[in-house]
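Order of the sequence lines fixes the chain letters, A, B, ..., with proteins taken first and strands second; residue numbering starts at 1 for each chain.
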Amino acid sequence: MRLSKFPLHTAKETPADAEVVSHQLMLRAGYIRKLGAGLYSWMPLGLRTLSKISQIVREEMNAAGALELLMPAVQPAELWQESGRWDVMGAEMLRFKDRHKNDFCYGPTHEEVICHHVKQDFRSYKQLPINFYQIQTKFRDERRPRFGVMRAREFLMKDAYSFHLDAADLGREYYNMREAYTRIFTRVGADFRVVKADSGNIGGALSEEFHILAGSGEDLLAVAEGGTYAANVEAAETRPSGQPRAAASAALEKVSTPGQKTCEQVSKFMNVPLTGKVKLLVVKAADGGLIGIALRGDHELNEIKAAKHPKIASPFEMAKPEDVQKAFGCEVGYLGPVGCPIPVIADHAAVEFADFVCGANDNDHHYKGANWGRDCAEPETADLRQVCEGDPSPDGKGTIKFYRGIEGGHIFQLGQKYTKAMSLSVLDAQGQAVTPEMGCYGIGVSRMAAAVIEQSHDANGIIWPDAIAPFRVLICPIGMDKSAAVKDAAESLYTALTQAGIEVALDDRGQRPGAMFADADLIGIPHRVVIGDKGLANAQFEYKQRRAASAEMIPATAEAVLEKLR
RNA sequence: CGGGGCGUAGCUCAGUUUGGUAGAGCGCUUGCUUCGGGAGCAAGAGGUCGCAGGUUCGAAUCCUGUCGCCCCGACCA
């Protein structure tokens, strides 16, 4: 590609509304342009990278035995009513009517549609297993789109759906996809981790996320140092310590603690560590009433775990302060398990110590020397808290450390949730109707481009891995319009590399060197060849890898350049 | 959804408090000089000041409405 014929709209100044580095650089380098909130056009330069990621995904999905198809982005409401998600999805799903006043949505995902098609054409166990995928534009009306294409409303996604006769075969395909994803993320050049995940409102049993590690990531990951455990903190388990609780040694004593409402305040006021306090949260119970959740003073509730507890309402909802006042006769801030008027579930860690401090269920008062079993009932326990950095890994191997990550892929074993809802069945070898097991596997293709930039950039701009760079090599001729030697050398190198199948760009815009170098660094082309009279006098090109600190001189031949690309 | 902020040239922003002929830098066009890390000089082009209504002799500026965009929050015992 000759840059004189290619729209390279780079900017020196950082756009005002871009917060994260990838968004800033993609705008400055002209990869994307914004159309509206969470809506971006991919300009020719950006589309080259986006297409490369798509192609890697496509190649690995094909190699893994999945079959590409393409479904409509617009979907009729009936399918969603059938699965029961028309009412569940909420405002995130963009809905509209056609001219006949029929309801439609712009597909946020395609479980319903693929189930519909499998139902149309699949009758026999002999036709299973099958894995369909597509690379397609999705729309999710995010409550708050941000970070450019990283959390856009419209985005490019690879979504795959597999169908199986039994759970064992689903498990096999799940690991097949896990392997394919690992190859995809590796080829794209990302530093990533596979972590256990919460399956969210998609449902299903087992699920894992592929996270691209970056400090700006929206997700917090709990990874075991010195072990293999890794999970999104949303899903990271905690385990009882296994240490027996010390015997009660102090008498229960009510203490005046005027105005001390938070754990931190009480801890400081009474001079006890946060780890010696039990806090009580009041939430909506599954039966419509209220239920207390006891946590150690320094721990935080994991709402996702709470919502999964059979006695706690799902979706999770904190009790209103008025309702707490009515039930306890005191303000939120003085609640505790001793003399608690509602049932209590405790996190494991909240029952592992004796002589604790807690709210007295009386304004401006706390208890000290409180003990489970003596001053209040031994509560039911469960894993309800957020994992902490430094916790032992739940599998016993290693210690938890936190990382930030950008979710680039997510794989699920859905089981029969959708196949059942959509009344899908095939006949097995015995002629019996069987509901297939289903898996689904997504990759945020457009997000991945931004995530790689978050991970790979410097003060001058993007640093693309070779595999997804819009061009692998950029030729910068110095004084091309003045020097016939430079022009000839640049043209013949350009031709030779093109013929060798290398994606090469020739900066024939007639820019000054500084401007060419600044653009080269900003758009992040991994290999740069500078051709000038000085070098040619010694039969040399200057070669520089984008990531390298300095350039080197190489023989002025296409072979020498190709050698550098190997 | 709640809170805060911003809409003025392609981009980044002044100007609004205190109403009086629309500004700068970058970018763009032309010419000359320059030419190894975003050149210099000169001459230009480019804005119904988000939109609608109102107040006023006069509105980018004041008032009302509206649309768009951005940020923060949605863990509290």
Separation of [X] atom [atom1] from [N] atom [atom2], in whole Å?
{"X": "Lys34(A)", "N": "rC6(B)", "atom1": "NZ", "atom2": "P", "value": "17 Å"}
{"X": "Met516(A)", "N": "rA39(B)", "atom1": "CE", "atom2": "P", "value": "11 Å"}
{"X": "Leu39(A)", "N": "rC70(B)", "atom1": "CG", "atom2": "P", "value": "10 Å"}
{"X": "Leu8(A)", "N": "rC28(B)", "atom1": "CG", "atom2": "P", "value": "12 Å"}
{"X": "Lys279(A)", "N": "rC75(B)", "atom1": "NZ", "atom2": "C1'", "value": "8 Å"}
{"X": "Glu317(A)", "N": "rA74(B)", "atom1": "CD", "atom2": "P", "value": "16 Å"}
{"X": "Gln24(A)", "N": "rC11(B)", "atom1": "CD", "atom2": "P", "value": "17 Å"}
{"X": "Arg151(A)", "N": "rC71(B)", "atom1": "CZ", "atom2": "P", "value": "12 Å"}

Carboxylate-amine/guanidinium proximity below 4.0 Å for [X] and [Y]:
{"X": "Arg151(A)", "Y": "Glu218(A)", "value": "yes"}
{"X": "Lys261(A)", "Y": "Glu331(A)", "value": "yes"}
{"X": "Arg239(A)", "Y": "Asp383(A)", "value": "no"}

**Item:** Over-ring placement of Lys326(A) relative to Phe328(A), 6.0 Å and 45° cut-offs
**Value:** no
**Item:** Trp86(A) six-ring face occupied by Arg95(A) cation (under 6.0 Å, within 45°)
**Value:** yes
**Validation row: Arg528(A), Asp521(A) side chains within 4.5 angstrom (heavy atoms)** = yes
Which is true for [X] with a 4.0 Å heavy-atom rule: it touches a base, it touches only sugar-phosphate, or it touches nothing?
{"X": "Glu303(A)", "value": "sugar-phosphate"}
{"X": "Val282(A)", "value": "base"}
{"X": "Lys320(A)", "value": "nothing"}
{"X": "Arg385(A)", "value": "nothing"}
{"X": "Cys476(A)", "value": "nothing"}
{"X": "Gly479(A)", "value": "nothing"}
{"X": "Asn302(A)", "value": "nothing"}
{"X": "Val266(A)", "value": "nothing"}

**Message:** Need to verify one output field. Residue with the more 5' nearest nucleotide on RNA chain B, Leu280(A) or Pro145(A)?
**Reply:** Pro145(A)
**Complete:** Assert: residue with more 5' nearest nucleotide on RNA chain B, out of Cys263(A) and Asp533(A), is Asp533(A)
Rounded to whole angstrom, note down the [atom1] distance from [N] over to [M].
{"N": "rA60(B)", "M": "rC51(B)", "atom1": "P", "result": "11 Å"}
{"N": "rC75(B)", "M": "rG38(B)", "atom1": "C1'", "result": "48 Å"}
{"N": "rA42(B)", "M": "rG5(B)", "atom1": "P", "result": "43 Å"}
{"N": "rG65(B)", "M": "rG20(B)", "atom1": "C1'", "result": "27 Å"}
{"N": "rC41(B)", "M": "rG58(B)", "atom1": "C1'", "result": "41 Å"}
{"N": "rC1(B)", "M": "rC63(B)", "atom1": "C1'", "result": "29 Å"}
{"N": "rU17(B)", "M": "rG73(B)", "atom1": "P", "result": "34 Å"}
{"N": "rC70(B)", "M": "rG47(B)", "atom1": "P", "result": "27 Å"}

Provide the Watson-Crick or G-U wobble partner of [N], both distances under 3.5 Å; none if there is no partner.
{"N": "rA39(B)", "value": "rU33(B)"}
{"N": "rG20(B)", "value": "rC57(B)"}
{"N": "rG2(B)", "value": "rC72(B)"}
{"N": "rA9(B)", "value": "none"}
{"N": "rC51(B)", "value": "rG65(B)"}
{"N": "rG27(B)", "value": "none"}

Minimum-distance nucleotide (side-chain atoms of [X] versus [options]):
{"X": "Arg528(A)", "options": "rG37(B), rG38(B), rC69(B)", "result": "rG37(B)"}
{"X": "Asp17(A)", "options": "rC69(B), rC11(B), rG37(B)", "result": "rC69(B)"}
{"X": "Glu19(A)", "options": "rU12(B), rC71(B), rC75(B)", "result": "rC71(B)"}
{"X": "Lys12(A)", "options": "rG38(B), rC11(B), rG37(B)", "result": "rG38(B)"}
{"X": "Ala37(A)", "options": "rG37(B), rG38(B), rC70(B)", "result": "rC70(B)"}
{"X": "Arg143(A)", "options": "rG38(B), rA74(B), rG37(B)", "result": "rA74(B)"}

**Prompt:** Would Asp507(A) and Ile475(A) count as a side-chain contact (heavy atoms from CB on, under 4.5 Å) if you check the C-alpha gap in whole Å, the side-chain angles of each, and the deciding distance to 0.1 Å?
**Reply:** CA-CA 6 Å; Asp507(A) 194 344; Ile475(A) 302 171; over 6 Å; no
**Prompt:** When you check the phosphate oxygens OP1 and OP2 of rA39(B), does a side-chain N or O of Arg512(A) lie under 4.0 Å from one of them?
**Reply:** yes
**Asked** rC35(B) phosphate, OP1 or OP2: any side-chain N/O from Lys482(A) under 4.0 angstrom?
**Response** no
**Asked** So Phe6(A) and Phe471(A), ring pair (Phe, Tyr, Trp, His ring centres under 6.0 Å) or not? Walk me through it.
**Response** CA-CA 12 Å; Phe6(A) 195 83; Phe471(A) 301 101; 5.7 Å; yes
**Request:** Using a cut-off of 6.0 Å, state whether more than 12 heavy atoms not belonging to Lys254(A) lie near its atom NZ.
**Result:** yes
**Prompt:** With distance as the sole criterion, do the side chain of Glu13(A) and the base of rG25(B) form a donor-acceptor contact below 3.5 Å?
**Reply:** yes
